[in-house]
Structures are given as C-alpha cells and as structure tokens.
Amino acid sequence: MPELPEVETIRSYLDSVLAGKAIMSVPHLDDRMVKRSLKNGAEIRAALVGQTFGSVRRRGKFLLLGLASSPDALMIHLGMSGRLVTESLDAPYRPHTHLVVRYSGGELRLSDPRRFGRIAWVESGGLWGPHLGMEPLSSAFSSKTLGEILKGRKVAIKSALLNQNLVAGLGNIYADEALFYAGIHPQRPAGSLDVDELKRLVRGIRAVLRRSIEHRGTSFSDYVDALGHPGENQGYLKVYGREGKACRRCGTPIQRQVVGGRSSHYCPHCQRLTETSSEGAHHAEI
DNA sequence: GTCTTTACCTGTATGC
DNA sequence: TGCATACAGGTAAAGA
C-alpha cells in the first residue's frame, strides 16, 4: 500500500533516472485511469510526446512528473495496488498495465489491478490535485501547527491522521505506527491531545516515516519500488498487521479495532483510551 | 463546516 | 473442487 515512504522511494529513483530523458511515445494509456484531469487520455499522450522529463516531485502520496520545458506535469497516484516501474523495452507487460511511457532507454509503466490509482494532467506546480494538508517531513510540521490543525476536532485521532486535507501522506500503516510510538489510543478525539502528546505524535510520525524511507518502504502484498523490488520496512512494524502478537514494548497482545471504517492496530496497555499525562503512566481502568 | 458512510475495484482468504 | 462471500484500503462524493 503506497503511502508517503513508498511514494518517496519511487520518486527518488525516478527523479534520478527520468530527468533529462526524451519522451518518444506513449504506447498505452487507459482512459479509465484518467480522473479529475485537465486533459483526457488522448490529450495527455499528445502533450507528452516530444517533451523531456524534468524533475520528479512528491506531494503527500501524489507523484508529479515534471517536464523540462513546461510548467505542466503528469500527476500519478498509486492508489492501493499501483506499481510504477521502469523497465526495458522488451520486458513483458504485467497484467493490468494502464500506462506506458517510452523514453530514450526504457519504459515507465504503471500497473494497478484494483484501479484505485489515478492519472491526471496538472498545470503549474502548486495548483494540482486536491487541497492537501501539511507535509509531515517539512520543517513547518510541529506540535504547534499540528495542534492548530486538530484543535476542536472531535473525530478520532486515527481518522484525522488519515485525512489528507489535514496531514498529507499518512495511510493506515504509518498512522497506526505513529500512534503506537506516541502512546496514543487511535480513538482519542483529535482535539483532546495535550502538548506532550502532540510532541510525541509529531516525533512519532517523523520517526516512522523516516525509518521506512531508509528501508525503501513497507511491502505487504503489492508494493514494489520503481526497480520492482519490495521494501524492507515490514519487519520493523510495531503494531500494524500484528493482531494477537505480543507488543514489542510490553508483551500485551496487539488488538485490532475498526476506527472510522479502517482497521486500527494498537497496544491496549501502551495506548490507553483514558487520559494519561505522560508515557509510562500507571495502569488505568477502562 | 465537520463527520460518517458508501462507492470504486479486484486479488486473496475464508466458509460452506 | 467449486462457488459465494468477506475483506483489504486511498480517495472522493454523498449523506447526516
């Protein structure tokens, strides 16, 4: 499931490979993947051919493939099961391949069985995609700014962290991991976090994202990087996908609970729903 | 505006 | 073995 670390891993590689490459042709583009776009499929193909790739950027989980001589860009979102890889011209297509961009030296290919991903043509840098929240790895992201974002909100903190309009890039895996790091129960009302909790949460979000980027992302089923290799962060997860297994901190079995329609994994001992003012507080009854 | 629910979509796992 | 059903979840639209 591509979240910020996975998308960043792909971005980093594509930026090093694609920048400066001439776009020869677009052999395939499935119109069903073009959603909320300034150009339709045929127009995107026409606009790309003859251009040269510029830098590859990321905003939240959105990838932005820039062009050397145009402010416009090709935006790609990988959804749940999207794979964006570079391959040699003679490599066989994977099933569910929806986009092929042939450049000098290879092909950029997007495959996405579930088709939750998205391709769109966007104009000039800032005004693309939905209105996205703060970048959690930016210097502007702090306990103060996060507190302002969450102030007054009654929704569960887990749901707030998944809301891309508030913070951009967290998905189910890293929201759970960050809340565990911070010792915060996923169902705590978002606006109820105190200063210490906000500080721990900001540290947690940064820590789990950076660690995963170092490990080239988390691969459970679908995700691979732009070279087609799985990531290695799955072995470092503390709660996600560990229902029933012992908490790595205290040994209590990890629980799974649906919060805001999404499964949430947490340690009922380390992440209590009742108010606790600091880490390692004494036991509290629920 | 905030929050919840539902739709989209298909591979995989589970149950009968 | 085969079929039906449930489940996974990122985004966005609809509903409350």
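Computed over heavy atoms, backbone and side chain alike; hydrogens, waters and symmetry mates excluded. Every chain is numbered from 1 and lettered A, B, ... according to where its sequence line falls, protein lines coming before strand lines.
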Legend entry - Side-chain touch A/K158/A/N172, heavy atoms, less than 4.5 angstrom: yes
Inset, instruction - Would you check if A/F180 and A/L237 make a side-chain contact, meaning some heavy-atom pair closer than 4.5 Å? - result: no
Legend entry - Minimum-distance pair of heavy atoms, taken over all atoms of A/D112 and A/L78: OD2-O, 4.1 Å
Inset, instruction - Compare every heavy atom of A/P136 with every heavy atom of A/R206, then report the nearest pair and how far apart it is. - result: NE-O, 3.3 Å
Legend entry - Residue whose nearest DNA chain B nucleotide is more 5′ - A/D112 or A/G152: A/G152
Nearest to the side chain of [X], which nucleotide is it out of [options]?
{"X": "A/S263", "options": "C/dA12, C/dG10, C/dG9", "value": "C/dG9"}
{"X": "A/E3", "options": "C/dA12, C/dG10, B/dT10", "value": "C/dG10"}
{"X": "A/V155", "options": "B/dT4, C/dT11, C/dG9", "value": "B/dT4"}
{"X": "A/R262", "options": "B/dC9, C/dA8, B/dA7", "value": "B/dA7"}

Under 4.0 Å: is that the gap between some side-chain N or O of [X] and OP1 or OP2 of [N]?
{"X": "A/Y240", "N": "C/dG9", "result": "yes"}
{"X": "A/R36", "N": "C/dA13", "result": "yes"}
{"X": "A/S81", "N": "C/dG9", "result": "no"}
{"X": "A/R256", "N": "C/dC7", "result": "no"}
{"X": "A/H77", "N": "C/dT11", "result": "yes"}
{"X": "A/R153", "N": "B/dG1", "result": "no"}

Legend entry - Charged N-O contact under 4.0 Å between A/E87 and A/R94: no
Inset, instruction - Answer with yes or no whether the hydrophobic clustering places A/V259 together with A/V155; edges join I, L, V, M, F, W, Y residues whose side-chain heavy atoms lie under 4.5 Å apart. - result: no
Whole angstroms only, please: what is the [atom1]-[atom2] distance between [X] and [N]?
{"X": "A/K35", "N": "C/dA13", "atom1": "NZ", "atom2": "P", "answer": "12 Å"}
{"X": "A/Y174", "N": "C/dG10", "atom1": "OH", "atom2": "P", "answer": "11 Å"}
{"X": "A/H96", "N": "B/dG11", "atom1": "NE2", "atom2": "P", "answer": "4 Å"}
{"X": "A/M80", "N": "B/dT10", "atom1": "CE", "atom2": "C1'", "answer": "11 Å"}
{"X": "A/M33", "N": "B/dC8", "atom1": "CE", "atom2": "P", "answer": "16 Å"}
{"X": "A/K61", "N": "C/dA12", "atom1": "NZ", "atom2": "P", "answer": "11 Å"}
{"X": "A/R118", "N": "C/dA12", "atom1": "CZ", "atom2": "C1'", "answer": "9 Å"}
{"X": "A/K158", "N": "B/dC3", "atom1": "NZ", "atom2": "P", "answer": "16 Å"}

Inset, instruction - Mark this stacking check for A/F116 against C/dT11 as yes or no, applying ring centres under 5.5 Å and ring planes under 30°. - result: no
Legend entry - Heavy-atom donor-acceptor pair, A/R114 side-chain to C/dG10 base, under 3.5 Å: no
